[in-house]
Amino acid sequence: MPTGRRAASEKFLSGTEIRAWRLSRNLTHAKLGEWLGLTPQAISKYELRGATKAIALALAALDRGLKPWRATKEDLKAIETNVRMKALKKGASANGEKAN
């Protein structure tokens with residue numbers, strides 16, 4: 001029965017690799033955590049246990065100069081609009097109307 005934990009072999013980066021990446025860029029746990037939207041404790045945990053592909057991709061994005069992204073009010077409004085449009089299209093198709 002699965003325990004919900006990933007096996008060590010499924011890790012994309014080892015903890016040592018993450019620590020080496022952070023130290024080679026002169027980043028503290030706090031600074032890296034700020035960039036990734038994580039706590040310093042989470043960064044420390046990744047350095048002990050390793051990380052999956054999502055964290056590795058985030059580190060690669062930082063290396064390429066991508067800045068952290070935070071959703072703005074406009075972004076959140078776009079999501080609401082998208083949800084409403086889908087609901088309208090679904091309602092139109094349920095009524096036998098042709099959706100554009």
Side-chain angles (χ1 to χ4, degrees):
M1 200 165 176
T3 62
R5 298 188 95 169
R6 290 179 178 262
S9 63
E10 292 182 39
K11 297 292 181 180
F12 196 75
L13 291 174
S14 72
T16 303
E17 290 171 321
I18 294 170
R19 182 174 170 81
W21 185 94
R22 179 182 61 81
L23 293 175
S24 69
R25 287 150 183 86
N26 296 319
L27 293 171
T28 63
H29 286 121
K31 187 63 178 174
L32 181 55
E34 180 183 322
W35 276 88
L36 295 174
L38 301 169
T39 64
Q41 293 83 3
I43 300 301
S44 182
K45 181 188 89 171
Y46 285 125
E47 288 184 359
L48 288 173
R49 297 182 183 167
T52 58
K53 196 170 190 174
I55 294 298
L57 290 172
L59 296 176
L62 288 176
D63 250 1
R64 290 180 178 87
L66 294 177
K67 298 202 187 272
W69 179 81
R70 296 259 191 245
T72 63
K73 288 181 181 179
E74 291 80 21
D75 295 324
L76 297 173
K77 187 173 180 170
I79 291 172
E80 290 173 9
T81 302
N82 182 274
V83 168
R84 271 187 263 135
M85 293 301 292
K86 283 184 177 181
L88 288 172
K89 286 182 180 180
K90 188 175 182 179
S93 63
N95 292 331
E97 300 172 13
K98 186 175 181 181
N100 292 336

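Worth saying up front: this structure is predicted, and the values here are computed from it rather than measured.
With a 4.5 Å cut-off on side-chain heavy atoms, Arg22 and Lys31 do not count as touching. Using a 4.5 Å cut-off on side-chain heavy atoms (C-beta onward), Leu38 and Ile55 make contact. For the pair Leu62/Trp21, a side-chain contact is recorded, criterion being any heavy-atom separation below 4.5 Å from C-beta on.
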When the side chains of residues 76-88 are checked against the rest of the protein, which donor-acceptor pairs come out under 3.5 Å, sequence neighbours left out?
unit_1: Thr81; atom_1: OG1; unit_2: Lys77; atom_2: O; d: 3.0

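When the side chain to side chain contact (heavy atoms under 4.5 Å, CB included) test is applied to Ala56, the partners found at least two apart in sequence or on another chain are Phe12, Leu13. Annotation: side chain to side chain contact (heavy atoms under 4.5 Å, CB included) contacts of Ser14 (sequence neighbours excluded): Thr16, Glu17. Legend: residues meeting side chain to side chain contact (heavy atoms under 4.5 Å, CB included) with Lys45, ordered by chain and number and at least two apart, are Arg49.
Hydrophobic clustering, defined by side-chain heavy atoms of Ile, Leu, Val, Met, Phe, Trp and Tyr closer than 4.5 Å, leaves Leu23 isolated from every other such residue.
The two residues Ala30 and Pro40 have their closest heavy-atom pair at CA-CG, 3.7 Å.
The CD1 atom of Ile18 sits 8.0 Å away from atom CD1 of Ile43, with the distance rounded to the nearest 0.5 Å.
Sorted by first and then second residue, the salt bridge (charged side-chain N to carboxylate O under 4.0 Å, His left out) pairs with a member in residues 56-65 read Arg25-Asp63; sequence neighbours excluded.
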